[in-house]
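This report concerns only the one structure given below.
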Number of protein chains: 2
Amino acid sequence: MYIKSDAKQLIFDKKNNNFTGLIEFFNLKTNDIITIKKIAELANVSPGTVDRIIHNRGQVAQENVDKVNAIIEEYGYKRNILASNLALNKKFHIAVFLPKYENLEYWKSQISGVEKAAAEFVKFGIVLDYFFYDFNTESFQKQINKVLEFDCDGLLFAPIFYEDSVRFLKEYEKKNIPVVMIDSNISEENKHAYVGQNAFQSGYLAGRLISFAVKNERKVLIFKIAREIESTSVYLQRIDGFYSYFKDNNDLTNFTFSEITVKDSGTNQLNLDMFKDIHSVFVPNSRAYIVARFLEENNIKGVRIIGFDLLKENVEYLNKDVIDFLINQRPEEQGYLGINYLYKKLVLKEAVENTHYIPLEIILKENYFPAGK
Amino acid sequence: MYIKSDAKQLIFDKKNNNFTGLIEFFNLKTNDIITIKKIAELANVSPGTVDRIIHNRGQVAQENVDKVNAIIEEYGYKRNILASNLALNKKFHIAVFLPKYENLEYWKSQISGVEKAAAEFVKFGIVLDYFFYDFNTESFQKQINKVLEFDCDGLLFAPIFYEDSVRFLKEYEKKNIPVVMIDSNISEENKHAYVGQNAFQSGYLAGRLISFAVKNERKVLIFKIAREIESTSVYLQRIDGFYSYFKDNNDLTNFTFSEITVKDSGTNQLNLDMFKDIHSVFVPNSRAYIVARFLEENNIKGVRIIGFDLLKENVEYLNKDVIDFLINQRPEEQGYLGINYLYKKLVLKEAVENTHYIPLEIILKENYFPAGK
DNA sequence: GCAAAAACCGTGTGCGTACACGCAAAAATA
DNA sequence: TATTTTTGCGTGTACGCACACGGTTTTTGC
C-alpha cells in the first residue's frame, strides 16, 4: 500500500472488504454503489428475481441465476445492512447461558459486558434471553434442558462443568446455531467460537512473575481454594502452565513446590503451618484474597502472592501490597465480545474469527484503575 | 436489579438506555416501539411536523413543539438509526491527521486500527480523508492549513508537536466539529476527546517495575533517545511519572539516577562509559532496542531494561531476555477507538465518554503474542 | 379591508431490501 | 386440444426516517 499526503482516501476494495490503494477523494463522491435495483436493470430481470437469487429462495431460471450472480461478482455487490435489517424487521434472539451472578463479582462483570453489548445492539434487533444456573451440576443440568428447548438464533455459553457441557454442546450442535463460549473453552478443534484467556499460558506467565519476584527465596506454594466442585479445566490448565514455566527454564529443581487444597469458606481453614518457610504463593483462581487476608491477620510479611481477577477483595490487598500481581481476565470485555461475535454473525452476517484470546493483563497497584481505567 | 432464571429478559429501559429489571420474554414480542408516525397520531399532527421538531428545523407552532416533545419524553422515543441513515443517505467525512507512517511501526499500527474501524463503518457512511505529515514542524504546519480548509464532519488528530498543535486546535474549534486526539492529549479541561494512555502514570508504573526487578542494585539510568525535535509532552510526562514513583515511596535517596540524551541514529552514539555500574535502564520512548542492541553487542549482561511499545526490534530483545518489560500502548486499539468515537458521535449521535485511557499493559516474553494474541 | 408576506403544516417520494401475492408461460396430464 | 400443475418472474407494499414541495392559515403593512 502506498501513501501520499493531502486529502486522499485509501481505496476501499468492495470485493475483499479492505483497503488497497489511494485515490483522490472526490472520485468516491460519485455514488458507484451497486444496488439490487441496478443489478436487476443490468440483468434484465426484476428486483424480485434478484432478491430470490440472493436468498436462494428458488423459483428462478438457472440462466437468470447465473447472469445475476455474475453481475454480483463483477460489481462486488454487498447488501446494505441498514436497508436489509429495516426490511427484515426481525428480532435476533440470543440465549445467554451463564452462572447465576448474585454475589459473584466475576460473573457480574461478565453480565455487565453482555448488557453493554445488548444495549448497543438493540437497535439492530438483538434480544437476549437469560438462562442462569447455580453453581452445582443439578441446577446446570436442569437448565440445559430448557436451553435445548428454547428456540433462538445464537447462544452465549459458559461451560463451567466440563462433562455436562461437552454433552450439552454435542446435543446443541444439531440445532446448527452459532455458539460462543466465554471464560473457558471446551470446543474441539475450534468448532465453536471462544472468547477468553489461554489458561495454560496464564499459568505460565504466573510462573515467570513468581520467578521474577523472588530471587533466592524459592519455596513456592500452590494454594487451591475450591468450591465443592471445581472441575473447570481452566483451573487445571493454569497449574499445568505454571509448572511448565519452571520446567522450560530448568528451574524445577531450583524451586521447591508444595500444593494445598482447602474448601472455600473463609480463612478458618488455613493455619500457620501451611506457610512455614514459604516465599511465594500462587492461587490459580480468583480467591487470592483469602490467602492475603490470612497472612495479614497473622502479620506474616514478605510473602509474594499472585492470583487472578480484580475482585474488590483482591484489589484491596493489591493496594495494601499484600498481593503482588493479579492477572486480569477482563470479564466485562469477554461478555461484550461474546455478544459482539453473535451480532456480527447474525446481523451483519460477516465472517468472524472464531477464537479471541483476551490478553494476559498483569495488574499491579500502579496500573490498577477502577472502572474508566 | 433482581434476577430469576429461565427464559427471561432483562428489561430494557428505553429512556435511560440500559437494563433495569426482568420480564417474561414473550411480553417483549409485542412491538411497542414508538415511531414518528405513532407520535404524530398521538399528537394529532403529521409525521412531517414531528420530523421538523425532532430536527429543530423550525416552522412549527410552539404548542405542537411542546406536545410532541412531551410524547417523545413519555414514550422514550429513540430514532431508528437504520432507517435514519438509510434515509439520510449521507457520507460522514472524517479527516485523519497523522504522521506519515512509512517506516514507523507504531504509526503503522495506529493506521491499521483506523482502517479496521473504517472497514467496519463504511456501511454506515463513514469515509476517511487522510492528511499525513512528516516528522518536522514545517511539514506539520503546511498540512495544518490543508486540514483547516478541508470540509468534514469529524477529525482524528495526533498532536505530536505541542505548540503548533495547541494553536491549530484553537483555530479548529471555530468549526465546531468533533475532534479526537490519539497518542497524546493536549486538550484543556477535557474539551476534546482523547484515546491513549495516561503518560504520567505509565512512567510511574515503569518506576515500580524497576524497583521491583532490581533488589539491591540501585543505579538507574534514564536513557533519552530522541529525534531532532521530540517536544512531545508524552515523553516528559513519563519521566516525570517515573521520578514520582520513587518520590512517593521515599526511595529517591536509595536509588541513584542519571540521565543521558542521544540522537536517534543507531548505536554509534552510545559508549561503554554510559553504562558503567548501571543496573537498570529506563527508556521513556519506543527505542529501548537501541540500548538493548548496544548492550548485547558489548556482551554486557544483567542490566534491566524497560521501554515502550511492541516494535519488532523491541520484541526481538524481549524474547532474548535483554529487555525485561515493555509497556504496550496498543496503537491499533487507539486508532480503532478514535474512529469508533467519531462513528458513535456522528452516525449514532450518541453521548460518548470523552476520555478513554488505554490500560498500561505490561508485556513480558511470556505474555507477548503477536497479532491474534 | 385587502394584498402580500410570513408562519405553519401535510403529502409524497426515496433510501435499499424483503417478501407476499398473483399473473403468465411452460410443462404435464387428461 | 383442453385443463391442470408447475415454474418463472414482475408488482406492490412495508420497514422507519428525512426532506422537498406545495398548500393552508395567520400575521403584517398599508
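Throughout, protein chains are lettered first and strands after them, A, B, ... in sequence-line order, and every chain is numbered starting at 1.
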From the options [options], select the nucleotide whose nearest atom is closest to the side chain of [X].
X       : options                : value
A:Ala61 : D:dG8, C:dG10, C:dG16  : D:dG8
A:Gln59 : D:dC9, D:dA18, C:dG16  : D:dC9
A:Leu86 : D:dA18, C:dG16, C:dG10 : C:dG16
A:Asn89 : D:dC15, C:dA18, D:dC17 : D:dC15
A:Ala87 : C:dC9, D:dC19, C:dT17  : C:dT17
B:Tyr77 : D:dC9, C:dA18, D:dC17  : D:dC17

Inset, instruction - Please tell me which of B:Val45 and A:Ile81 maps to the more 5' nucleotide of DNA chain C, matching each residue to the nucleotide holding its nearest heavy atom. - result: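 Checking each residue's closest nucleotide, the 5'-ward one belongs to B:Val45.
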Legend entry - Spacing of B:Lys175 atom NZ and B:Asp151 atom CG [to the nearest 0.5 Å]: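 Answer rounded to 0.5 Å: 6.0 Å.
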Inset, instruction - Give, for atom OH of B:Tyr77 and atom CG of B:Leu42, the distance between the pair rounded to the nearest 0.5 Å. - result: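 B:Tyr77 OH to B:Leu42 CG: 13.0 Å, rounded to 0.5 Å.
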Legend entry - Strand partner of C:dG22, provided both Watson-Crick or wobble distances fall under 3.5 Å: D:dC9
Would you kindly give the [atom1]-to-[atom2] distance between [X] and [N], to the nearest whole Å?
X       : N      : atom1 : atom2 : result
B:Arg52 : C:dA7  : CZ    : P     : 14 Å
B:Glu63 : D:dT25 : CD    : C1'   : 14 Å
B:Ile36 : C:dG10 : CD1   : P     : 14 Å
B:Asn44 : C:dC9  : CG    : P     : 12 Å

Below 4.0 Å: OP1/OP2 of [N] and any side-chain N or O of [X]:
X       : N      : answer
B:Ser84 : D:dA18 : yes
A:Lys37 : C:dG14 : no
B:Ser46 : C:dG10 : yes
A:Arg57 : C:dC19 : yes

Legend entry - Backbone N/O of A:Phe132 and side chain of A:Gln143: donor-acceptor pair under 3.5 Å: yes
Inset, instruction - For B:Asn80, report the nucleic acid contact type (base, sugar-phosphate, nothing); a contact means any heavy atom under 4.0 Å. - result: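 Result for B:Asn80 = sugar-phosphate.
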Inset, instruction - Would you indicate what B:Asn85 reaches in the nucleic acid, counting non-hydrogen atoms under 4.0 angstrom: base, sugar-phosphate, or nothing? - result: nothing
Inset, instruction - Answer with yes or no after comparing the ring centroid distance for B:Phe157 and B:Phe168 against a 6.0 Å cut-off, counting only values under it. - result: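 Under 6.0 Å, so yes.
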Legend entry - Smallest separation among heavy atoms of A:Lys67 and A:Ala43, with atom names: NZ-O, 3.1 Å
